[in-house]
There are 2 protein chains.
Amino acid sequence: MKLTNTSEYALRILTFMARNPEGLFSAKSLVEKLNISDKYLRRLMTDLAKAGFIYSIQGRDGGYRFAKMPNDIFLSEVIDAVEGMKKYTGCVLGFEKCSDENPCAMHNSWVSVRAEFVKMFTTKTISDLDINDVSKF
Amino acid sequence: MKLTNTSEYALRILTFMARNPEGLFSAKSLVEKLNISDKYLRRLMTDLAKAGFIYSIQGRDGGYRFAKMPNDIFLSEVIDAVEGMKKYTGCVLGFEKCSDENPCAMHNSWVSVRAEFVKMFTTKTISDLDINDVSKF
DNA sequence: TCATTTTACTACAAGGAGGTATTATTTCGT
DNA sequence: ACGAAATAATACCTCCTTGTAGTAAAATGA
């Protein structure tokens, strides 16, 4: 019941950048502000760029900039890009044949909990996250 | 949003044994009925025995038997024994300093989802799981 | 007692997540 | 053109989960 570190990092980075949605952020400046290791952050930035949330500007004075405005980036999209939301949708007891038609004993309560969980990420965008939260670590 | 395979296995084993709460089950017979690898199941049985849910009888005609009746074994206890429930209780965005007093932007919705999730495991016992579910894989 | 059946223990290996090191590539300022 | 500053790519490395292999130890039935 926890996102991976990778997803947490991705959301943290984008939320931080959303403080200045038009700004240009170097990997170095992000590493200094956020609590993420240098090389791992750089790898993540490449993933986020490939997913179309940001684009990179190489060379001197380069960095990263939003390719899509933060109020148009749903949290579920970010999670999908770096780890996938699918893993959060199976039977809680791991039964392959569990379904609405053939439910396990926890299916009904699980379906409603899961729906609320998924809704948290499919209805909120980066802009909905508090830009001050990134200092909470 | 998924238990580990290990927890799923542990719940599956105990639920299967609950079909006959007084019965003696050899590791071999459990491996044949459940979809768990032989050596891994045997290791898990040792963990479940150490946790006090079952006890083992070594030697010829040995096996495992409940040490505690299945209606007295809460699912959260089983998860605690093999992987720990703690990992399911932190801030969903990974902020260390997130709390009721200093909540992140997702804190409130997260707290209610998490409470329902935890309740699923702290209020149900092995007896509440459908003994027929173990064939759902 | 002894062979057989069964659990217990230790070590090892594959795979993914997280993290690090090194080298390439791009671009701007001079 | 060249050097500095920045991202990109590649290849490792470590840890945890999951699973496997081999050996040791225990206990019963004959």
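Sequence lines set the chain letters: A, B, ... in the order given, protein chains first and strands last, and positions in each chain run from 1. What you see is a predicted model, and the numbers here were worked out from it, not measured in a lab.
- Atom CG of A/Leu24 is separated from atom P of D/dT7 by 9 Å (rounded to the nearest Å).
- Taking atom CG on A/Leu48 and atom C1' on D/dT7, their separation rounds to 14 Å, with Å as the unit.
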Atom pairs, protein N/O to nucleotides 9-13 of chain C N/O, distance under 3.5 Å:
| from | atom 1 | to | atom 2 | distance (Å) |
| --- | --- | --- | --- | --- |
| C/dA11 | N6 | B/Arg43 | NH2 | 3.2 |

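- For B/Arg114 (side chain) and B/Gly90 (main-chain N/O), a donor-acceptor pair under 3.5 Å exists by modelled atom type.
- A chain of hydrophobic side-chain contacts below 4.5 Å, direct or via other Ile, Leu, Val, Met, Phe, Trp or Tyr residues, connects B/Val82 to B/Met17.
- Contact check, A/Ser56 against D/dA8: a side-chain N or O comes under 4.0 Å of OP1 or OP2.
- Nucleotides of DNA chain C nearest to B/Phe25 and A/Asn5 differ in position, and the one nearer the 5' end is that of B/Phe25.
- If you find the closest nucleotide of DNA chain D to A/Gly63 and to B/Ile36, the one lying nearer the 5' end belongs to A/Gly63.
- Atom CG of B/Asp47 is separated from atom P of D/dG19 by 14 Å (rounded to the nearest Å).
- An OP1 or OP2 oxygen of C/dG19 is reached within less than 4.0 angstrom by a side-chain nitrogen or oxygen of A/Tyr9.
- In terms of modelled atom types and a separation under 3.5 Å, the side chain of A/Asn102 and the main chain of A/Ser99 share no donor-acceptor contact.
- In this structure the side chain of A/Met120 never reaches within 4.5 angstrom of the side chain of A/Leu75, judged on heavy atoms.
- Side-chain atoms of A/Thr122 come within 3.5 Å of backbone atoms of A/Val118 as a donor-acceptor pair (strictly under, hydrogens ignored).
- Here C/dG19 presents its P atom at 10 Å from CG of A/Leu44, a figure rounded to the nearest Å.
- What separates CZ of B/Arg42 from C1' of C/dT5 is a distance of 10 Å, to the nearest Å.
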Within the sub-3.5 Å range, which N or O atoms of nucleotides 24-30 of chain D have a protein N or O partner, and how far apart are they?
| from | atom 1 | to | atom 2 | distance (Å) |
| --- | --- | --- | --- | --- |
| D/dA26 | O4' | B/Gln58 | OE1 | 2.9 |

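- Using a 4.0 Å heavy-atom criterion, one finds that B/Tyr55 contacts no nucleic acid atom at all.
- Using a 4.5 Å heavy-atom cutoff, the side chains of B/Tyr9 and B/Leu48 are not in contact.
- Atom CG of B/Leu30 and atom P of C/dT5 are 18 Å apart (whole Å).
- Residues A/Arg43 and A/Asp47 are not paired through a salt bridge, judged by the lack of any N-O separation under 4.0 Å between the basic side chain and the carboxylate.
- When the C1' atom of D/dT7 is taken as reference, atom OH of A/Tyr40 falls 18 Å away, rounded to whole Å.
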Verdict with supporting geometry, A/Phe95 and A/His107, side chain to side chain contact (heavy atoms under 4.5 Å, CB included)
CA-CA 10 Å; A/Phe95 294 123; A/His107 188 76; over 6 Å; no
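- Of the possible polar contacts, one joining the B/Thr123 side chain to the B/Lys119 backbone as a donor-acceptor pair under 3.5 Å is found.
- The phosphate of D/dA8 has OP1 or OP2 within less than 4.0 Å of a side-chain N or O from A/Tyr64.
- Residue A/Leu93 is not grouped with residue B/Phe74 when hydrophobic side chains (ILVMFWY) are merged at heavy-atom distances under 4.5 angstrom, including chains of intermediate members.
- Spacing between atom CG of A/Leu41 and atom P of D/dA8 amounts to 11 Å, rounded to whole angstrom units.
- The nucleotide whose nearest atom lies closest to any side-chain atom of A/Ser26 is, among C/dT7, D/dT18, D/dT7, D/dT7.
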